[in-house]
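Notes follow once the structure below has been shown.
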Amino acid sequence: MLEINNIVTGYGDMKVLDGITLSVAEGETVALVGSNGAGKTTLLRAISGLIPVWSGNITFNGQDTTKLPAHELPALGIAHIPQGRGVLAQVSVYDNLLLGAYIPSAKSRREESLKEVFKIFPILEEKKTHLGGSLSGGQQQMLAIGRALMSHPKLMILDEPSLGLAPIVVDSVFKIIKDISAQGVSILLIEQNLVEALAVSSRGYVLETGRIALQGKSADLFNNDAVRAAYLGL
Amino acid sequence: MGTLLKVSNLKKSFGGVHALKDVSFDLRDGEILGLIGPNGSGKSTFVNTIAGLHQPDGGEVMLGEVNVTGLEPAIMARHGVARTFQSSRPFLNLTVLENVVIAALLHEKTTAAAETLAIECIEVAGLKDLLYAKASSLPIEKRRRLDLCRTLALKPKIIMLDECLAGLNPREMEEGLDLVRVLNKRGIAIIFIEHVMKAVVSLCHRIVVLNQGELLAEGAPADVMKNTKVIAAYLGEKYIHAGN
Amino acid sequence: MGTGIFLQTTLNGLMIGGVYALVAVGLTLIFGVMKIVNFAQGEFVMLGMYISWMLAHFAGIGPYEGLAISAVIMFLIGYLVFRLLIVRVIGKKDEEFILLTLGLSIFLQNAILMIFSADYLTVTSSMKDSALSFADLTLTLPRIIAFSVALTAVAVLTFLLQKTDTGRAMRACAESREIATVLGINPMRSFTLAFCIGIALAGIAGVLLTPMFYVYPGVGTLFNTTAFVVVVLGGMGSVPGALLGGLIIGIVESLTGSYVSLDLSQLGTFVIFLIVLFFRPSGLFGKRT
Amino acid sequence: MKNVKMIALICGAIFALGFPLVVHTSYYIHILFMVYLFAALGVGWNLIGGYGAQLSLGHSIFFAIGAYVPVLLMLNFHISPLIGGIAGIGLALLAAALIGLPCFRLRGPYFALATIAAGEITRTLLLHFQGVTGGANGLPIPFHGDDALNLQFSTKAPYYYLALTLLVVVFLLVRYLEKEKVGLYLAAIREDQDAAESLGVKTMHIKLLAFMLSAAIAAAGGQIYAFTVAYIDPDGVASINLSIEIATVVIVGGIGRLWGPVLGAAVVILLTELTNIYLGAMRSGASLGMYGLLLIIVILLRPDGLISLFDRFDPELNKKGSK
């Protein structure tokens with residue numbers, strides 16, 4: 001469903017990604033791992049159109065999205081949860097969620113979507129009048145995911161959902177990601193937490209300074225010594 | 001080895017988030033101390049708080065006998081505590097030489113003397129061919145070198161390197177590590193923040209691990225890396241149970 | 001001086017403060033959503049005054065009858081300015097925007113001066129001299145109308161921002177252009193709308209002021225600086241803050257004018273401004289950061 | 001290339017020095033006087049506004065102090081403006097320190113806003129204390145015959161040379177500073193204030209120093225202007241428009257560039273005078289409107305200023321990067 005073909009991009013005149021080819025199939029969960037500065041976040045931003053792609057192309061469900069303005073991508077079914085969760089801190093939880101259903105296709109059924117999200121995350125209903133920024137880290141992550149669900153995405157892109165969360169909260173976040181995936185939503189995930197990332201995904205890519213160093217089944221990557229070495233230096 | 005920098009009970013929070021809860025450790029003369037921890041564990045906050053960019057909410061930082069808690073960045077630089085930024089921040093519209101001269105002026109009175117010192121540092125950093133190149137024209141690897149070079153020109157006692165290898169390929173990373181070793185051989189103690197563990201393990205004499213703003217472990221690299229708490233923090237709780 | 005005069009002065013200040021609030025709300029909306037300070041806001045008030053004068057002079061439409069027409073014209077002028085100028089400096093350095101709008105401010109002032117000369121013009125309205133009295137206090141009708149319309153406009157804007165999708169999108173852009181984008185919001189659309197509404201509000205304020213003030217090319221300068229003060233006082237980007245700030249400044253000016261010296265009426269404002277800027281740059285009602 | 005530059009410089013010097021000897025029309029001399037004055041003000045403003053990137057919109061304060069102090073001292077106490085001028089510059093330095101100390105804690109538009117407010121306070125005070133300043137009526141300087149000690153001359157030429165001298169002195173000073181510690185530190189502040197701090201640059205000190213120097217230059221300009229036109233009033237020497245005009249000259253020419261304000265002053269003053277000649281008679285506002293229009297056009301089309309048009313001819317610049 002998502003096909004990335006040999007893309008090169010960066011910031012200003014600084015090249016960050018040097019020919020990345022990657023795909024995510026329908027219903028699949030794919031993990032993207034690699035050290036800081038390898039270009040993981042840049043790749044996600046390129047997919048979402050937040051930075052221009054220098055060369056190569058990206059297609060989503062057969063449609064070339066390389067040159068589309070970023071704000072048109074959510075309507076195609078891509079929901080991007082940026083690093084740091086992307087919760088609007090000055091906006092109430094309720095309005096955050098409504099904004100998740102800003103695109104026309106989601107707007108018409110946003111009342112029922114809201115009910116579904118509140119069913120998954122009862123805490124959000126409890127706190128719906130609170131400002132996004134007043135929530136705890138874990139609640140913010142739930143809000144970010146809940147808001148993405150409001151748009152009924154076909155592909156959800158998550159940038160380090162476990163960042164700065166307590167281990168117990170991380171567990172529940174990954175459980176939710178698994179549930180979402182079980183409903184048929186494709187997921188592309190960046191994660192430092194190697195075990196969790198490879199546990200929820202079926203395939204993974206290891207990014208190393210702008211290139212794909214390794215790829216394969218998550219289980220294989222999990223037992224790969226090179227991957228462990230990259231993370232622990234052992 | 002004597003203690004160069006003593007950090008006791010350092011605290012810092014932003015809004016309701018406790019970025020540093022209660023961090024204490026020492027940096028010894030001439031050592032390279034690795035500061036590691038998962039994203040968001042408070043490493044950068046630590047560097048920024050020591051360097052004076054943030055005011056600590058509590059705790060004490062002693063540089064030798066001098067209390068340097070909460071001093072301004074410019075004063076910290078004068079005390080011999082230099083730092084680089086996580087995202088490389090050279091003065092983009094200035095030349096390499098000008099970038100380093102600005103730092104060298106901290107101790108040199110005239111621009112001529114500063115230029116001499118700057119060129120010396122630039123040679124150490126291996127940027128001699130690029131004296132008059134604008135910093136904006138440099139690739140990331142050279143920018144990182146320029147960052148290091150600027151701190152060197154401050155004639156510091158301590159350099160805090162905040163992910164100075166991020167964005168480099170393995171070969172460049174090796175060269176970067178060599179440069180850090182060269183600085184260290186000049187008697188400069190180094191606090192080294194890095195994500196690539198291989199680099200940390202090969203470079204550092206000692207490692208301190210932060211997790212969620214707290215000190216998780218401290219010790220020799222090999223020992224710390226075997227510490228189950230550290231593995232759990234990095235790779236996830238389950239990695240340990242997965243039979244490794 | 002007795003309490004009667006004090007109350008009268010305060011009340012006069014309050015009424016005019018409503019109009020200041022209106023100018024400032026436009027400015028704060030533009031700043032809040034686009035993170036840029038429009039240094040020509042006062043000149044748009046001036047344009048509003050001239051439009052009102054032209055409607056009265058050429059078409060015989062009084063300021064209140066023509067309020068809606070003037071607002072629409074100002075909205076369109078805002079759109080034109082946005083497409084021609086503003087759009088080109090979005091995302092550039094602060095200085096470029098400051099200088100661009102400063103240039104615009106000087107240009108508009110002098111273009112009007114060339115067209116209309118420096119003559120003081122007046123707009124008459126049948127309601128101009130009507131007044132309401134209560135006990136010892138008297139309020140002229142134009143002041144009451146200006147105050148009420150200003151409050152209504154702020155209320156409508158608040159409703160728009162809080163309760164509509166368009167408003168939510170603007171608030172999303174205000175906080176993070178990037179987050180808004182990944183939610184499917186076109187930031188440029190929100191920016192355009194915020195700017196045009198901000199200009200229309202300045203225009204409405206101008207129309208409301210015509211029965212009370214002389215219309216001349218330099219009149220905007222008066223409101224420019226006042227609007228900055230109000231916006232900083234209320235917290236840059238905060239609509240309720242701008243409303244409160246406007247009322248406070250109106251009262252302060254009125255009191256300084258009658259108790260200290262008329263020609264120093266703005267001085268109090270500036271001093272308050274500097275004090276707030278230095279000690280609470282986030283404004284009296286803004287959040288501390 | 002170096003020769004071409006040298007020749008151009010010598011021709012320029014001959015032109016500037018010889019102009020009043022050949023041309024006696026005081027109108028033309030006055031135009032060039034204004035070019036030099038604004039070039040000097042611009043070069044001074046550039047110190048803080050350009051090199052340090054702190055957009056001051058309150059330089060009229062220092063211009064006004066420089067104008068009012070020596071005039072008041074002369075009119076009231078018969079003190080020679082040569083001494084009064086020093087007092088004016090001293091007071092301007094003090095004012096700059098008082099304004100800069102709190103204002104430099106602010107960044108971006110806040111700093112600009114604070115300087116505007118400070119400027120408006122100055123103007124309001126000048127208007128208010130009529131007993132001393134003459135209020136809105138201003139202060140005429142009566143002419144008592146040629147008297148160098150009192151800066152009174154019956155022809156325009158001496159004022160012309162005064163302005164020229166100011167420009168040359170200021171230009172050489174800034175050219176020197178540009179390469180020195182202050183200049184490099186200012187560049188560092190402009191590029192990245194936090195990074196500059198981390199390299200031991202006391203940004204507050206440096207900004208204050210540049211601001212005070214630039215204020216002193218504005219005060220000197222104010223004095224020369226006051227005695228040349230022999231009349232000062234708050235709208236003429238203390239208005240926000242004056243502050244903006246000074247900034248405009250620099251922006252149009254090239255912000256943060258040594259020759260920028262000189263080129264900018266030439267272009268802006270000549271264009272506004274042309275506008276005055278062709279439109280001024282029938283329309284007021286034309287020349288000031290020109291400032292606005294130029295500012296808009298340059299910001300939109302050439303934010304680096306007109307001086308950047310010459311960059312391609314300068315091989316040294318192309319080799320060594322920005323200067």
Side-chain angles (χ1 to χ4, degrees), chain C residues 31 35-40 43 84-85 88-89 92-118 217-218 221 224-226 228-229 231-232 236 260-275 277-279 281, chain D residues 49-50 53-55 57 99 101-103 105-114 116-125 127-128 130 135-136 235 239-241 243-245 247-248 250-252 255 279 282-301 303:
Chain C
F31 176 83
K35 298 290 168 272
I36 50 187
V37 182
N38 177 21
F39 279 76
E43 274 58 46
L84 281 177
L85 306 177
R88 293 162 203 258
V89 289
K92 301 253 181 78
K93 285 177 290 187
D94 273 349
E95 294 95 73
E96 289 189 22
F97 193 81
I98 295 175
L99 294 164
L100 180 73
T101 49
L102 270 178
L104 181 64
S105 139
I106 306 179
F107 176 74
L108 287 177
Q109 240 182 75
N110 291 286
I112 292 294
L113 179 64
M114 284 175 70
I115 300 168
F116 293 93
S117 85
T221 332
N224 243 344
T225 26
T226 309
F228 297 149
V229 177
V231 166
V232 171
M236 302 273 263
V260 187
S261 161
L262 196 58
D263 59 353
L264 288 185
S265 66
Q266 279 211 313
L267 193 69
T269 312
F270 293 133
V271 173
I272 290 183
F273 176 57
L274 288 179
I275 291 172
L277 208 49
F278 298 140
F279 295 104
Chain D
Q54 309 294 314
L55 208 64
L57 294 173
I99 294 168
L101 217 50
C103 288
R105 287 181 16 216
L106 308 166
R107 291 187 186 185
Y110 291 96
F111 176 76
L113 286 173
I116 290 180
E120 288 295 289
I121 289 176
T122 312
R123 192 179 62 93
T124 314
L125 289 175
L127 283 169
H128 177 68
Q130 305 179 15
D235 275 345
S239 73
I240 177 169
N241 281 340
S243 296
I244 297 174
E245 283 164 32
T248 304
V250 184
I251 313 297
V252 169
I255 189 162
L279 285 174
M282 33 181 189
R283 298 284 184 214
S284 52
S287 65
L288 202 54
M290 190 54 117
Y291 272 94
L293 203 57
L294 273 173
L295 202 51
I296 294 173
I297 293 172
V298 169
I299 289 288
L300 289 186
L301 301 181

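Below, chain A is the first sequence line, B the second, and so on; all start at residue 1. Worth knowing before you read on, the calculation uses all heavy atoms, side chains too, and leaves out hydrogens, waters and symmetry mates.
- The structure places CZ of C:Phe107 at 11.0 Å from CG of D:Leu294, a figure rounded to the nearest 0.5 Å.
- Within the 4.5 angstrom heavy-atom criterion, only side-chain atoms of C:Phe39, from C-beta onward, approach chain D.
- Heavy-atom distances place both the backbone and the side chain of C:Asn110 under 4.5 Å from chain D.
- Taking all atoms of both residues into account, the shortest heavy-atom contact from C:Val37 to D:Pro109 is CG2-CB, 3.6 Å.
- Between atom CG of residue C:Leu104 and atom CG of residue D:Leu295 there is a gap of 10.0 Å, rounded to the nearest 0.5 Å.
- Atom OG1 in C:Thr226 sits 9.5 Å away from atom CD in D:Glu120 (nearest 0.5 Å).
- When each of D:Ala118, D:Gly49, D:Cys103 is checked for heavy-atom pairs under 4.5 Å with chain C, D:Cys103 comes out on top.
- Of the two parts of C:Leu84, only the backbone, made up of N, CA, C and O, holds a non-hydrogen atom closer than 4.5 Å to a non-hydrogen atom of chain D.
- Shown here for D:Ile299 and C:Glu96, the closest heavy-atom pair between the two residues is CG2-O, 3.7 Å.
- Annotation: the span from C:Leu274 atom CG to D:Ile99 atom CD1 amounts to 9.0 Å, rounded to 0.5 Å.
- For a residue to count as touching a neighbouring chain, one of its non-hydrogen atoms must lie under 4.5 Å from one of that chain's; by this rule C:Phe270 touches chain D with backbone and side chain alike.
- Looking only at side-chain heavy atoms (C-beta outward), C:Leu99 and D:Leu55 come within less than 4.5 Å of each other.
- For the pair D:Leu288 and C:Leu113, the minimum side-chain heavy-atom distance is 4.5 Å or more.
- Within the 4.5 Å cutoff, side-chain heavy atoms of D:Leu57 are placed close to those of C:Ile98.
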